2 protein chains.
Amino acid sequence: MSEPIRILVVDDHTVVRQGIVALLNTVPDLTVIAEAADGQEAIEVHRKHRPDVTLMDLRLPKIGGADAITLIRQECPTARIIVLTTFDGDEDIFRALQAGAKGYLLKGTDADELTSAIRSVYAGKSRIPAFVAEKLAERMGGPALTTRELEVLKRIVAGRSNKEIAGDLHISEATVKTHINSLLSKLGVSDRTQAATTALQRGIVHLD
Amino acid sequence: MSEPIRILVVDDHTVVRQGIVALLNTVPDLTVIAEAADGQEAIEVHRKHRPDVTLMDLRLPKIGGADAITLIRQECPTARIIVLTTFDGDEDIFRALQAGAKGYLLKGTDADELTSAIRSVYAGKSRIPAFVAEKLAERMGGPALTTRELEVLKRIVAGRSNKEIAGDLHISEATVKTHINSLLSKLGVSDRTQAATTALQRGIVHLD
DNA sequence: CGGCTTCTCCACCTTATGATGGATATTTTT
DNA sequence: AAAAATATCCATCATAAGGTGGAGAAGCCG
């Protein structure tokens with residue numbers, strides 16, 4: 001028998017992480033060699049152990065999953081990383097794949113699918129489910145928000161008024177309204193409250 | 001050696017559920033006798049197997065965790081249920097404990113704490129962490145929303161305008177504004193967008 | 001380079017939102 | 001049963017939010 005696949009598991013929820021570890025260690029050709037609870041730790045542990053495959057959640061303290069993937073692949077361009085997360089909206093999916101993730105699985109998948117995906121990615125293939133491709137297409141469809149619009153959107157979600165946003169960004173209130181108008185139509189909604197909820201739903205911004 | 005504690009694990013995320021099962025089954029005096037992926041299934045499985053302790057997530061399809069707890073304890077008032085969830089805001093905590101949960105753990109707890117809590121609750125004790133008590137006190141502090149206010153708040157989060165809400169509830173727009181004014185002050189915020197985000201944060205309403 | 005698009009910015013006008021005050025039930029307390 | 005508290009309802013007024021049109025600056029392509 002050949003060497004088992006060496007895996008790094010990254011998830012901030014200890015119970016979940018230990019559970020996945022226990023699950024994977026019941027499979028003969030897989031072995032979990034390390035764990036990490038946040039993005040910073042993931043980068044360090046990856047540098048030290050160079051796992052064959054990394055299983056990574058996206059919602060992480062300190063450094064988010066997508067950013068962690070970017071940084072890890074800067075150090076180690078051949079790193080094979082599978083995102084394993086609860087659905088966080090198309091924006092998160094997009095950023096993770098953009099960052100170089102080779103697979104994207106929901107926590108709703110079962111152990112067989114998971115191990116199968118690990119072996120696929122280890123073998124150099126990608127594992128992107130059909131519905132993820134759909135979501136991506138969906139995102140591609142809509143025009144992207146500009147930097148300024150995103151800044152305004154973040155503050156809308158934070159509950160700030162147009163006047164406050166104008167002060168934050170050192171621009172006039174009228175300009176803020178222009179940006180809002182623009183992002184409203186890009187998001188396909190008609191007021192700031194809808195903008196806030198859909199932004200949260202699509203993972204464009206987070207409450208934390 | 002005495003009989004092991006018989007456990008039911010309820011979680012809609014298959015990977016997480018199977019992971020927790022794998023984790024618990026490595027502990028000698030614990031045995032997972034059944035699993036469920038939603039509230040409806042949890043009730044049926046509980047009826048059939050009568051586990052000693054139930055480990056339940058709150059965010060579940062079909063029937064939510066808190067409602068499932070209520071229904072299970074109607075059938076079986078001695079049922080011992082531990083909520084194991086990611087933090088969902090004080091409202092969810094409150095409803096779960098109200099419904100008769102004996103423990104409330106975050107998924108950030110580790111395996112030792114988890115098994116310890118299971119044994120405690122099996123022995124008839126409660127396991128409510130200090131910070132949960134805090135959150136409860138916090139919730140108690142603020143006045144509760146009336147039925148009408150909650151209906152309005154749900155629609156605000158759904159992105160509906162005052163006029164639309166008035167139509168939905170068959171009341172005048174002026175009345176909707178009164179309810180909004182009232183719930184704004186109760187939530188301690190100053191506009192509908194803040195109301196929406198804090199309602200989501202506190203778990204008073206959900207996006208699904 | 002000139003034309004093109006895109007982003008950023010602002011002013012004006014209309015409408016939706018939130019504040020205030022108060023009326024009428026319904027329930028709880030005394 | 002009377003008094004007090006609570007929930008529901010509505011009207012008026014000031015302000016914040018959204019719609020529309022357009023100007024200047026930065027980058028892109030022919």
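Numbers restart at 1 for each chain; the letters A, B, ... are given by sequence-line order, proteins then strands. None of the values given here were measured: they were computed from a predicted structure.
- Looking at Gln194(B), its side chain does come within 3.5 Å of a backbone N or O of Ser190(B) through a donor-acceptor pair.
- A salt bridge between Asp57(B) and Arg17(B) is absent, with no side-chain N of the basic residue lying under 4.0 Å from a carboxylate O of the acidic one.
- The side-chain contact (heavy atoms from CB on, under 4.5 Å) check on Arg119(B) picks up Ile5(B), Val27(B), Asp29(B), Thr115(B), with sequence neighbours excluded.
- Heavy-atom distances to DNA chain D give each of Ser172(B) and Leu145(B) a nearest nucleotide, and the one nearer the 5′ end belongs to Leu145(B).
- Contact footprint of chain B on DNA chain C: nucleotides with an atom under 4.0 Å from a non-hydrogen protein atom, first to last in 5' to 3' order, dA16(C) to dT20(C).
- Across all strands, Thr175(B) comes closer than 4.0 Å to base atoms (heavy-atom distances).
- For the pair Leu169(B) and Arg155(B), the minimum side-chain heavy-atom distance is below 4.5 Å.
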Expected string for nucleotides 13-26 of chain D under the B/S/- scheme (protein heavy atoms, under 4.0 Å, primed atoms plus P, OP1, OP2 as sugar-phosphate) is ---SBBBB------

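- Side-chain N/O atoms of Arg127(B) and Ser116(B) include a donor and acceptor closer than 3.5 Å.
- The main-chain N or O of Ala79(A) is found under 3.5 Å from a side-chain atom of Arg73(A) such that the two form a donor-acceptor pair.
- For Arg59(A) and Asp92(A), the salt-bridge test fails: no basic side-chain N is under 4.0 Å from an acidic carboxylate O.
- Distances shown here put a side-chain N or O of Thr146(B) below 4.0 Å from the OP1 or OP2 atom of dT8(D).
- Side-chain N/O atoms of Thr197(A) and Gln201(A) include no donor and acceptor closer than 3.5 Å.
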